[in-house]
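Computation of the quantities below employed the complete heavy-atom set of this structure, encompassing side-chain atoms and omitting hydrogens, waters and symmetry-equivalent molecules. Since the structure is predicted, the reported quantities are computational estimates derived from the model, not experimental observations. By convention here, the first residue in the shown sequence is residue 1. Counting starts at 1 for both ligands and their atoms, in listed order.
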Amino acid sequence: MTDTARVDTLALAMTLATAGFGLLALWALRRRRPLAPRRLRVMAVAWVVAAVLVLASFALGSYLVARGAPHAEPAIEIDVVARQWMWKVQHPEGRRELNELHLPLGYPVRLRMSSEDVPHALSIPALRVKKFMFVGRETALELKTQQKGQFVLYCAARCGPHNRAMRGTVVVMDLREYLQWARGEVPGESPLEAGRRLYLNLKCENCHRPDGAGRGPALAGLIGRTVTLREGTTLTADEDYVLESIREPDAKVVAGYEPVMPSFAGQLSESQLNALLQYLKTLEGGPR
Ligand code: HEC
């Protein structure tokens, strides 16, 4: 049984049991004739025992459903941070989003959650889940989606005056689509196009101006060029050097420049690095 179906079955069973108990009580009290004190006592005890049993079954059922089936498979771990009044999400591939939560269909996901200010509670009604989030203490929510589409997420805690604004969208997509999305790839895009898009989005050109007047050297025609490093040594730029320069700019600092380039290690996947490299190779001209 799926998690959603389990919660729904439990809710239905509890509703039916409560209604049945109520109807039974009405039926039992329908008689007007006063009861003998002894019978009255027996009946009172019987009702209390029955009520306790029903409530205990609710508690047990809720516990079993809430515990859920532990996910045996390794899960994709996504960080969710709440603050007044927004949701900040970071995916393992580095992609971030605000007030949206992209999830892969049918693949176990573990949300690692915390809050930056007051207690919040992430609630996704379509998945029948809700979990509190605190400052300085991580809580986790294991999920497995069953259906593609868009669903509402909101904060179910009384987190402040704009609590109602703390809403977002869960977007469930195929695992393959999700992975592409999380890596920032656009379906059908060639590595070269992806490289160009990354180059523009990551604002490489802010420093690497084509005319060489930026804070970093012009990158056109870099491969094969002789590069002089700070220490006075020289090297011939090859693909490995270019990749290293992007991952760890401080490893080899070009003479005449300050080590101000941010490291892109961990932010870019292998395929994204490769795409950037492909694009850099197509840049031509520029001062030598
Ligand atoms: C904040 C400015 C800045 C940004 C943004 C920046 N770089 Fe750099 N980059 C530099 C500087 C300065 C150097 C030279 C010093 C050094 O080697 O660290 C450099 C060096 C390089 C080199 C080696 C160049 C050579 O002539 O040997 C490559 C390749 C490079 N950057 C690629 C990139 C790419 C790709 C991006 C975008 C993903 C990028 N950089 C973003 C400042 C920047």
Side-chain angles (χ1 to χ4, degrees), residues 76-81 86-102 104 116 171 173 176-288:
I76 292 180
E77 300 207 318
I78 302 175
D79 290 316
V80 181
V81 175
M86 63 180 82
W87 305 99
K88 297 193 282 187
V89 177
Q90 167 142 28
H91 294 263
E93 298 279 349
R95 179 139 186 187
R96 293 156 202 256
E97 55 184 338
L98 203 64
N99 296 335
E100 286 204 341
L101 174 60
H102 282 71
E116 281 183 355
V171 182
M173 47 206 327
R176 226 174 61 92
E177 268 180 81
Y178 164 80
L179 289 174
Q180 272 187 339
W181 174 89
R183 284 190 211 115
E185 291 167 12
V186 175
E189 197 179 47
S190 74
L192 198 61
E193 288 162 343
R196 193 182 129 74
R197 184 173 49 76
L198 285 167
Y199 191 76
L200 296 177
N201 288 351
L202 296 172
K203 309 267 188 270
C204 311
E205 216 173 65
N206 280 4
C207 295
H208 296 284
R209 298 247 311 261
D211 58 5
R215 291 210 277 167
L219 295 179
L222 176 59
I223 300 242
R225 196 198 293 173
T226 304
V227 178
T228 309
L229 301 181
R230 241 189 183 178
E231 311 84 66
T233 50
T234 55
L235 58 79
T236 307
D238 57 7
E239 299 198 348
D240 287 338
Y241 167 73
V242 172
L243 290 175
E244 185 191 54
S245 297
I246 302 173
R247 276 201 209 102
E248 292 172 65
D250 293 351
K252 298 195 176 85
V253 178
V254 185
Y257 293 94
E258 290 303 311
V260 291
M261 174 164 159
S263 160
F264 291 89
Q267 276 195 48
L268 297 171
S269 64
E270 284 302 308
S271 64
Q272 283 178 318
L273 276 170
N274 188 50
L276 263 175
L277 177 66
Q278 298 306 320
Y279 176 68
L280 289 183
K281 282 199 209 162
T282 65
L283 294 178
E284 279 180 14
R288 266 313 94 86

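Screening Leu222, Thr233, Thr236 against Val227 for a side chain to side chain contact (heavy atoms under 4.5 Å, CB included) leaves a single residue, Leu222. Exactly one of Ile223, Ile246, Asp240 qualifies for a side chain to side chain contact (heavy atoms under 4.5 Å, CB included) with Leu277. That residue is Ile223.
Proximity of a side-chain donor or acceptor of Gln272 to a complementary backbone N or O of Leu198 within less than 3.5 Å is not detected. A distance-only check finds a donor-acceptor pair linking the side chain of Arg225 to the backbone of Ala220 [under 3.5 Å]. In this structure a side-chain-to-backbone donor-acceptor pair under 3.5 Å is missing from His208 to Ala218.
With hydrogens left out, the protein atom closest to atom 22 (C) of ligand 1 is Ser245 CB, 3.6 Å, a heavy atom. Scanning the protein heavy atoms around atom 10 (C) of ligand 1, the nearest turns out to be Met261 CB, 3.3 Å. Atom 38 (C) of ligand 1 has as its closest protein heavy atom Cys204 SG, 2.7 Å. The nearest heavy-atom contact from the protein to atom 11 (C) of ligand 1 is Gly216 CA, 3.7 Å. Shortest contact from atom 18 (O) of ligand 1 to any protein heavy atom: Pro249 O, 3.2 Å. In terms of protein heavy atoms, atom 13 (C) of ligand 1 is closest to Pro217 CD, 3.6 Å.
In the vicinity of Tyr241, heavy-atom distances shorter than 4.0 Å reach the ligand 1 atoms 23 (C), 25 (C), 27 (O). For ligand 1, the atoms closer than 4.0 angstrom to any heavy atom of Val253 are 15 (C), 16 (C), 17 (O). Close approach to Lys252 involves these atoms of ligand 1, each under 4.0 Å from a residue heavy atom: 17 (O). Under a 4.0 Å criterion applied to the non-hydrogen atoms of Tyr257, ligand 1 contributes the atoms 14 (C), 15 (C). In summary, the atoms of ligand 1 found under 4.0 Å from a heavy atom of Cys207, numbered by their order in the structure, are 1 (C), 2 (C), 3 (C), 4 (C), 5 (C), 42 (C), 43 (C). Of all the atoms in ligand 1, the ones that sit under 4.0 Å from a non-hydrogen atom of Arg215 are 1 (C), 12 (C). Atoms of ligand 1 found under 4.0 Å from any heavy atom of Val227, numbered from 1 in the order shown, are 27 (O). If you number the atoms of ligand 1 from 1 as listed, the ones under 4.0 Å from a heavy atom of Val260 come out as 1 (C), 12 (C).
Between Arg247 and Glu270 there is a salt bridge, since a side-chain N of the basic residue sits under 4.0 Å from a carboxylate O of the acidic one.
Side-chain contact between Glu258 and Arg230 is present, with at least one heavy-atom pair separated by less than 4.5 Å. Pro104 is listed as a side-chain neighbour of Ile76, based on a closest heavy-atom distance under 4.5 Å. With a 4.5 Å cut-off on side-chain heavy atoms, Pro210 and Glu205 count as touching. Residues Lys88 and Val80 form no side-chain contact, since every pair of their non-hydrogen atoms from C-beta on lies 4.5 Å or further apart.
Residue contacts with ligand 1: Val254 is included, with a non-hydrogen atom under 4.0 Å away.
Taking any N or O of Lys203, backbone or side chain, none lies under 3.5 Å from an N or O belonging to ligand 1.
Of the heavy atoms in Asn206, none comes closer than 4.0 Å to ligand 1. Only the side chain of Leu219 comes within contact range of ligand 1, with a heavy atom under 4.0 Å; no backbone atom does.
Classified by interplanar angle (parallel below 30°, tilted 30° to 60°, perpendicular above 60°), the ring pair Tyr199/Tyr279 is tilted.
When all heavy atoms are compared, the tightest approach of Ala237 to Tyr241 is CB-CD2, 3.6 Å.
When you scan the N, O or S atoms of His208 for the one nearest atom 8 (Fe) of ligand 1, you land on NE2.
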